[in-house]
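Predicted, not measured: the structure shown is a model, and the values here were computed from it.
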Amino acid sequence: MPKTNGADVIVIGGGLAGAAVSWYLSREGVDVLLVERGEIGAQASGANAGSIHLQIPVAEYRSLGQQWAETFAPTLSMMNEGLELWSTLEDALETPLEFLQCGGIIAARTEEQLALVRDKAALEAQHGIRSEALCASELLDRAPYLSPDMIGGAFYPDEGKANPLLVTRAFAAAAKRHGARLAPQTHVTGLSRQGHFTMTTSRGELTAQRVVCCAGADAGHVAAMLDLDLPIHGYPIQVSVTEPAAPIVQHLVYSAAGKLTLKQMSNGTCLIGGGWPSDRRADGTLAVSDRSMSDNLEILRSVVPALAGLQIVRTWPAMVNGNESWRPVVGEAPDCPGFFLCLFPWMGFTGGPIAAHCVVDLMLGRTPRYDVKNLSELPRQQNKRNHLQIH
């Protein structure tokens, strides 16, 4: 438990966003306490597939439609700004993150898929995202490991990858070096505001002048303690990793046929994801879905047949936060001064550092690195009560 009973700023949630907020604040000399109900980086921030995205997900583009895509698309410019920030992090955090702008490739097998890829790229270009249309020969010249059945696709030169097992821990370690205090295994059970914030936790009561909610899938519960309506929910997904192999895959790979992200890490293992759902047991714990794994691997084999013989070493579930619009929630709650939110639904690994940087700029009275004012969907108070206990 922390040495004092509070801090100027308490950050709730020890994932990538929370650790990054703690680092950005502490290096400015702000007194910061980071509370996390489990271990730092143990949830979605450390269990995702490590993709640095700069495009609209193809499965959602198809299933949610053009209106959703046009609503989400402005978020891409914030992610693009975040990529510039990503490129500085290894030096700033003084630790390797295995960050690499290897470029992203989306491969199409049918004319319908190829038309969808090109329509999507046209919308993305309106928001500053670079891509290059590829015919079949160009696709295979750039990525010869792809199936010869692919008839074309697109290349996104600015996309990349990083190691999710390293990133959050690096932020947390850097925050600690600058004086931030970390309190893992500290579950927030209540939060109220009367001039300052009073927080009840599994390890005692804390006070703060300001609070930053980086609680991911649990952010809606935290906001509800202050009677704020935040439609953020948890969505169980799963990721698989293969045995090590010789270098094969040089890019972040997608399929226009459905949910797939594929990348090969520096140790030769391949991380396979795409947002396939995991199962949730009756007690709320997560379990691997055999159906999702089978469907995920079927798409993988159709796109990169050379990986078909690799053994899957492990598949694990993770809970990510999401909302209907996929737009970020970054800034101060209008009805609750001093309560800030730093959430990047669905693509929090890509957007976490830029979201954290922006919320800290706002807290310190500076113009944020990216103008989130018209992008964020901040929660409003639903009634006059300002305190709710959750047991």
Side-chain angles (χ1 to χ4, degrees), residues 1-46 82 85-86 88-97 162 164-188 191 196-216 218-219 222 330-332 338-344 348-349 351-366 368-369:
M1 193 65 189
K3 295 178 181 179
T4 69
N5 66 344
D8 178 10
V9 177
I10 294 180
V11 178
I12 304 174
L16 191 158
V21 166
S22 300
W23 177 56
Y24 288 129
L25 284 171
S26 62
R27 72 176 186 172
E28 299 280 354
V30 178
D31 177 34
V32 181
L33 171 62
L34 171 63
V35 298
E36 159 59 42
R37 71 174 182 176
E39 296 298 328
I40 304 297
Q43 300 300 313
S45 292
L85 190 59
W86 263 103
T88 69
L89 288 178
E90 288 188 317
D91 287 340
L93 296 172
E94 301 176 10
T95 188
L97 305 176
L165 295 176
L166 301 177
V167 176
T168 300
R169 295 173 185 174
F171 272 116
K176 191 173 181 179
R177 289 197 300 270
H178 283 85
R181 289 166 288 141
L182 311 181
Q185 299 297 330
T186 304
H187 184 202
V188 176
L191 181 63
H196 65 272
F197 291 91
T198 300
M199 183 181 299
T200 55
T201 80
S202 57
R203 301 178 67 186
E205 187 172 276
L206 304 170
T207 61
Q209 296 303 310
R210 292 171 291 178
V211 169
V212 188
C213 178
C214 304
D218 289 326
V222 174
V330 179
E332 187 174 22
F339 184 69
F340 292 81
L341 299 108
C342 184
L343 304 160
F344 208 102
F349 191 71
I354 184 64
H357 199 288
C358 288
V359 79
V360 169
D361 280 340
L362 292 170
M363 295 178 74
L364 298 179
R366 301 190 298 226
R369 181 173 180 140

Trainee: Measure the spacing between CD of Q185 and CD of E39 and express it to the nearest 0.5 Å.
Mentor: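 So the gap between those two atoms works out to 4.5 Å.
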Trainee: Where does the angle between the aromatic ring planes of W23 and H178 fall among parallel (under 30°), tilted (30 to 60°) and perpendicular (over 60°)?
Mentor: perpendicular
Trainee: With distance as the sole test, does S45 use its side chain to make a donor-acceptor pair with the main-chain N or O of G15 at under 3.5 Å?
Mentor: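 No: the side chain of S45 does not pair with the backbone of G15.
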Trainee: What distance do T186 atom OG1 and I12 atom CD1 have between them, rounded to the nearest 0.5 Å?
Mentor: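 Interatomic distance, T186 OG1 to I12 CD1, rounded to 0.5 Å: 11.5 Å.
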Trainee: For G331 and V359, work out which heavy atoms get closest and say how close.
Mentor: N-CG2, 4.1 Å
Trainee: Can you tell me how far CZ of R210 sits from CD of E332, rounded to the nearest 0.5 angstrom?
Mentor: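 Between E332 CD and R210 CZ, I get 9.0 Å after rounding to 0.5 Å.
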Trainee: Atom OG1 of T201 and atom CG of L206: how far apart are they, to the nearest 0.5 Å?
Mentor: 5.0 Å
Trainee: Tell me if a side-chain donor or acceptor on R203 pairs with a main-chain N or O of P184 at a distance below 3.5 Å.
Mentor: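 Checked: pair present.
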Trainee: Counting C-beta onward and ignoring hydrogens, is there a side-chain heavy-atom pair between R37 and D218 closer than 4.5 Å?
Mentor: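 Side chain of R37 against side chain of D218, heavy atoms only: contact under 4.5 Å found.
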Trainee: Closest approach of V32 and S22, non-hydrogen atoms and distance?
Mentor: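 Where V32 meets S22 most closely, the heavy atoms are CG1-OG, 3.9 Å.
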Trainee: Using 0.5 Å steps for rounding, measure from the CD1 atom of I10 to the OG1 atom of T207.
Mentor: 6.5 Å
Trainee: Examine distances only and state if a side-chain atom of D31 and a backbone atom of D8 form a donor-acceptor pair shorter than 3.5 Å.
Mentor: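 Yes, the answer is positive, given that a donor and an acceptor are paired below the 3.5 Å cut-off.
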Trainee: Restricting to ring-ring contact (aromatic ring centres under 6.0 Å, His included), what partner residues turn up for F349, sequence neighbours left out?
Mentor: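 Checked F349 against ring-ring contact (aromatic ring centres under 6.0 Å, His included); matches are W86.
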Trainee: Just wondering, do L89 and L97 contact through their side chains at under 4.5 Å, heavy atoms?
Mentor: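 They are in side-chain contact.
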Trainee: Is there a side-chain contact between F339 and L191 in this structure, where contact means two heavy atoms from C-beta onward sitting under 4.5 Å apart?
Mentor: yes
Trainee: How far apart are the closest heavy atoms of A19 and A175, and which atoms are they?
Mentor: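 The answer is O-CB, 4.3 Å.
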Trainee: Taking it one step at a time, do M363 and V212 satisfy side-chain contact (heavy atoms from CB on, under 4.5 Å)?
Mentor: CA-CA 10 Å; M363 295 178 74; V212 188; 3.5 Å; yes
Trainee: Kindly give the heavy-atom pair with the smallest separation between A356 and A20, and that separation in Å.
Mentor: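 Closest heavy-atom pair between A356 and A20: CB-CB, 3.5 Å.
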Trainee: Out of T88, V167, L85, which residue meets the side-chain contact (heavy atoms from CB on, under 4.5 Å) rule with P353?
Mentor: L85
Trainee: Among all residues two or more places apart in sequence or in another chain, which pass the ring-ring contact (aromatic ring centres under 6.0 Å, His included) test with Y24?
Mentor: H357
Trainee: Using every non-hydrogen atom in the two residues, find where G46 and L165 come nearest and quote the distance to one decimal.
Mentor: O-CD2, 3.4 Å
Trainee: Taking all non-hydrogen atoms of both residues into account, name the closest pair between A172 and I40 and its distance.
Mentor: CB-CG2, 3.8 Å
Trainee: Can any side-chain N or O of D361 pair as donor or acceptor with the backbone N or O of R369 at less than 3.5 Å?
Mentor: yes
Trainee: Between atom CG of L34 and atom CG of L182, what is the distance when rounded to the nearest 0.5 Å?
Mentor: 5.5 Å
